[in-house]
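Reviewing the structure listed below.
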2 protein chains.
Amino acid sequence: MVEALRANGLKVTHQRTEIIREIVQTKDHPDVETICRRVRGRIPAVSLDTVYRTISALFERGLINRIMVDAKRARYDADVTRHNHFVCDTCGRIVDIDSTGRGGCRASDKLSEVGVVERVEVLFRGKCIHCVADQE
Amino acid sequence: MVEALRANGLKVTHQRTEIIREIVQTKDHPDVETICRRVRGRIPAVSLDTVYRTISALFERGLINRIMVDAKRARYDADVTRHNHFVCDTCGRIVDIDSTGRGGCRASDKLSEVGVVERVEVLFRGKCIHCVADQE
DNA sequence: AAGTAAATAGGAATCAATACTAAATAGGAA
DNA sequence: TTCCTATTTAGTATTGATTCCTATTTACTT
């Protein structure tokens, strides 16, 4: 991933390395604020702006995914292989879900008349097992 | 839809009627700002706040859908029947896409261990025919 | 090692969305 | 029709996420 920075003409800074390390090693699809807080555990002076700029740069180059679950903050995923997401509308938890077999989702015929599809995002919304248990 | 207001204990006001009329008769999935601008064509004094409150009230009661296409504004859809969306990443156009036959998308087995799925959102992202034509 | 263009920190600005207030208005039940 | 209450307006303020600004620092080239 750090190599991908160079390949895109981006400088490999200490901050960027740590930010990348942070999103690669987690599976909980954090938002920018969370990433910043965690990176500060190692680089206390990182500015929120730097995290935003780094994350945006990575996203624009397709090196990470953005998941829009609500009207509030964006969440990010370093796993860019094809997979889907389950979102808990109660606690906000996001869990990776494998795409089943071929395509996972088939486009209707009408789609080709509308435009060129570059990627498909599938979001399963509901309530996670923890929240189901909590509400009893 | 106006009936649904009453059923939910909401008063049927002139503003609400016109806001509902506006989102029901359009297929372009407008944001709140756009809805407000259009309603002002008929009720010049509608406040943006009223449009926000009405749209939120309808959304919370499941009478309209919210579509998050980018990190910016939310867009709304009066069609709550099961269907998917195509989003043009260049111009922001959103087009309704029928769900093909059964389910459209099958969940993996793992899903039942994660939580209870209440609905599935499918977003086809790409470039619409107009934007493909423009870039030549 | 030196130069330069890019990146950073920190704070300020922006933007969408919501909240708040008061006074005016209008829906709906009696 | 009358009353009560929810709703609207207008205008301001707030919140929270994201972006912009500027002086300073740093990575990479030669």
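So that the names make sense, note that chain A is the first sequence line, chain B the second, and so on, each numbered from 1.
- An OP1 or OP2 oxygen of dT9(D) is reached within less than 4.0 angstrom by a side-chain nitrogen or oxygen of Thr50(B).
- Distance, Leu10(A) CG to dA5(C) P: 17 Å, rounded to whole Å.
- Using a 4.0 Å heavy-atom criterion, one finds that Glu33(B) contacts no nucleic acid atom at all.
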Stepwise side chain to side chain contact (heavy atoms under 4.5 Å, CB included) check, Leu123(A) with Asn84(A): CA-CA 6 Å; Leu123(A) 221 58; Asn84(A) 303 324; over 6 Å; no
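- If you measure from atom CG of Leu58(B) to atom P of dT7(D), you get 12 Å, rounded to the nearest angstrom.
- Per the geometry, CD1 belonging to Ile55(A) stands 15 Å off C1' belonging to dT19(D), to the nearest Å.
- Residue contacts for Leu48(A): at a heavy-atom cut-off of 4.0 Å it reaches a base atom on one of the strands shown.
- Contact check, Arg6(B) against dG27(C): no side-chain N or O comes under 4.0 Å of OP1 or OP2.
- Here Thr13(A) reaches the OP1 or OP2 of dT8(C): one of its side-chain N or O atoms lies under 4.0 Å away.
- When both pairing distances are held under 3.5 Å, dG28(C) makes a Watson-Crick or G-U pair with dC3(D).
- Salt bridge status for Glu18(B) with Arg16(B): absent, with no side-chain N to carboxylate O gap under 4.0 Å.
- In the set dA9(C), dT18(C), dA7(C), the nucleotide with an atom closest to the side chain of Asp49(B) is dT18(C).
- With a 6.0 Å cutoff to the six-membered ring centre and a 45° limit on the axis angle, Arg66(B) does not count as a cation-pi contact of Tyr76(B).
- If you take CE of Met68(A) and C1' of dT18(D), they are 11 Å apart, rounded to a whole angstrom.
- Within 3.5 Å, a donor on the side chain of Lys11(B) pairs with an acceptor on the base of dT5(D), or the reverse.
- Between the side chain of Asp31(A) and the backbone N or O of Glu33(A), at least one donor-acceptor pair lies under 3.5 Å.
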Glu3(B) vs Arg6(B), side chain to side chain contact (heavy atoms under 4.5 Å, CB included): CA-CA, chis, key distance, verdict: CA-CA 5 Å; Glu3(B) 269 320 304; Arg6(B) 278 208 188 77; 3.0 Å; yes
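- If you measure from atom CD of Glu18(B) to atom P of dG27(C), you get 12 Å, rounded to the nearest angstrom.
- Rounded to an integer number of Å, the gap from CG of Leu5(B) to C1' of dA26(C) is 15 Å.
- At whole-Å resolution of the value, CZ in Phe59(B) and C1' in dT18(C) are 15 Å apart.
- Put simply, the side chain of Ser56(A) gets close to the backbone of Tyr52(A): a donor and an acceptor are under 3.5 Å apart.
- A residue-by-residue look at Arg53(A) and Val46(B) shows that Val46(B) has its nearest nucleotide of DNA chain D further toward the 5' end.
- Between Ser47(B) and the phosphate of dG11(D), there is no side-chain N or O to OP1/OP2 separation shorter than 4.0 Å.
- The residue Arg16(B) sits close only to the backbone: its heavy atoms come under 4.0 Å of sugar-phosphate atoms, none of a base.
- At dT9(D), one or more side-chain N or O atoms of Gln15(B) fall inside 4.0 Å of OP1 or OP2 (strictly under the cut-off).
- No engagement by Asp31(A) is indicated, since no non-hydrogen atom pair under 4.0 Å with the nucleic acid exists.
- Taking atom CZ on Arg73(B) and atom P on dT14(C), their separation rounds to 16 Å, with Å as the unit.
- Each of dT8(C), dG28(C), dA16(C) was ranked by its minimum atom distance to the side chain of Tyr52(B); first place goes to dA16(C).
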